[in-house]
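Have a look at the structure below, then the notes.
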Number of protein chains: 2
Amino acid sequence: MSKLRLSTFLPYRLSIASNAVSKAIAAAYTERFRLSIPEWRLIAILHEVEDATQQDLVRATLMDKVAVSRAAQMLEENRLVARRQDARDGRALRIRLSERGRALYRRIEPTALEYERRLLAAFGKEEIAQLSEMLGRLAEAAGRLADEDAAD
Amino acid sequence: MSKLRLSTFLPYRLSIASNAVSKAIAAAYTERFRLSIPEWRLIAILHEVEDATQQDLVRATLMDKVAVSRAAQMLEENRLVARRQDARDGRALRIRLSERGRALYRRIEPTALEYERRLLAAFGKEEIAQLSEMLGRLAEAAGRLADEDAAD
DNA sequence: TATTGTTATACTCTATAACTATA
DNA sequence: TATAGTTATAGAGTATAACAATA
């Protein structure tokens, strides 16, 4: 008697849900705003913190430095951010949104929130809080799991 | 005053959690069993249904026919499945696990369940059921959302 | 020596379209 | 005409390593 069924296996269900959501959202960002998801993440963080080094962005987005570097270059080419050397550390680049970048953010924000609202339309407020919290716990557990196995 | 913060934005949290879990699991499958996730999914389904056409596998795994075709070819090369033409429909290929494939499945199953257990160690039984159900609702909502927008 | 960021490379996943063979 | 499956191709995303500049 087997205890494993793919359709109820949590990693599978998580992957299906995440792929479905990513696909819908990525389509919206690329078609309507010509942004990749990495680029959108940088813009969202830069709108929160105003000014950050790429290393800060690595920490804030959990993307690696190569992905951040590529996305930042794209944004700079499109004049959505400005980059300049940090005054105190000549290796670091400080990045901030340009006026154009801020204007784009203001156009995206309501769209993003509307997508989230439609995605969660069938969820109660409490359910959403629970889901969000559980996703955090899951990511943490997966990180620990990868670390433990890497130590083998 | 802005209402959007990336760290609390649900699509972002979902993506982070899913990527962390996928990364940990994919590492385990490839290192220990030399299987990609698509290949593992086919094996898991074929263990449940015994015999299926590739089209059946497309429906069961939600992967597209190209991904199923590639994974099935890989599994056949490694003698984990056997493929033969369907008796009634000459276009269709019927696939089943070989004895070797079943033996591999029996080795993977406890590992997969153990990974799931460790991932969910901090979750109560009821929480797991809720999470699983909410992920299903989320995938469904995302599918509807993509369909609606595609109609624009 | 270590760190910030860039470049090159490669591998996986996904998507599309063109193709074949059957229906 | 439509469907099952294959092949080719290209686009994201991600990972690694080698490198330049600076600390």
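Owing to the predicted nature of the structure, the values given are computational and were not obtained by experimental measurement.
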Specify the residues of residues 76-90 of chain A, ordered by number, for which at least one heavy atom lies under 4.0 angstrom from an atom of DNA chain D.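 Hits under 4.0 Å, by residue number: A/Arg88, A/Asp89, A/Gly90.
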In this structure, how many angstroms lie between the [atom2] atom of [N] and the [atom1] atom of [X], rounded?
| X | N | atom1 | atom2 | value |
| --- | --- | --- | --- | --- |
| B/Arg91 | D/dT3 | CZ | C1' | 4 Å |
| A/Leu57 | C/dT3 | CG | C1' | 16 Å |
| B/Met74 | C/dC13 | CE | C1' | 14 Å |
| B/Glu31 | C/dT12 | CD | P | 13 Å |
| B/Ile25 | C/dT12 | CD1 | P | 18 Å |
| A/Gln55 | C/dT6 | CD | C1' | 14 Å |
| B/Leu35 | C/dT12 | CG | C1' | 15 Å |

D/dT7, C/dG5, D/dA4: which one has an atom nearest the side-chain heavy atoms of B/Ser69?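 Of D/dT7, C/dG5, D/dA4, D/dT7 is nearest to the side chain of B/Ser69.
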For the side chain of A/Leu93, counting heavy atoms from C-beta on, which of D/dT3, C/dT6, D/dG5 is nearest?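 That would be C/dT6.
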A/Arg83 and A/Thr53: side-chain donor and acceptor closer than 3.5 Å?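 A/Thr53 and A/Arg83 do not have a side-chain donor-acceptor pair below 3.5 Å.
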So, A/Ser132 versus B/Arg13: side-chain donor-acceptor pair below 3.5 Å or not?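 The answer is yes; a qualifying pair exists.
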Show the atom names and distances, to 0.1 Å, of all donor-acceptor pairs under 3.5 Å that link a side chain in residues 115-123 of chain A to residues at least two apart or in another chain.
residue  : atom : partner  : partner atom : Å
A/Tyr115 : OH   : B/Asp149 : OD2          : 2.1
A/Glu116 : OE2  : B/Leu10  : N            : 3.0
A/Arg117 : NE   : A/Glu114 : OE1          : 3.1
A/Arg117 : NH2  : A/Glu114 : OE2          : 3.0
A/Arg118 : NH2  : B/Glu148 : OE1          : 2.9
A/Arg118 : NH2  : B/Asp149 : OD1          : 3.2

Salt bridge between B/Arg96 and B/Glu50, side-chain N to carboxylate O under 4.0 Å?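 Salt bridge between B/Arg96 and B/Glu50, a charged N being under 4.0 Å from a carboxylate O: yes.
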If you measure from OH on A/Tyr12 to CG on B/Leu135, what distance do you get to the nearest 0.5 Å?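 So the OH of A/Tyr12 and the CG of B/Leu135 are separated by 12.5 Å.
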Identify, between B/Gln73 and A/Ile37, the residue whose nearest nucleotide on DNA chain D lies closer to the 5' end.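 Looking at the nearest nucleotide for each, B/Gln73 comes out on the 5' side.
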Side chain of B/Ser98, backbone of B/Arg79: donor and acceptor closer than 3.5 Å?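 Yes: the side chain of B/Ser98 pairs with the backbone of B/Arg79.
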Can you establish whether the number of heavy atoms outside B/Arg102 located under 6.0 Å from its atom CZ is more than 12?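 Yes, because the 6.0 Å sphere around CZ of B/Arg102 holds more than 12 heavy atoms from other groups.
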Is there any protein nitrogen or oxygen under 3.5 Å from a nitrogen or oxygen in nucleotides 14-19 of chain D, and what are the pairs?
residue : atom : partner : partner atom : Å
D/dA15  : OP1  : B/Lys23 : NZ           : 3.3

Relative to the 5' end of DNA chain C, which residue comes earlier, B/Ser36 or A/Val68, by the nucleotide with the nearest heavy atom?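 Residue closer to the 5' terminus by nearest nucleotide: A/Val68.
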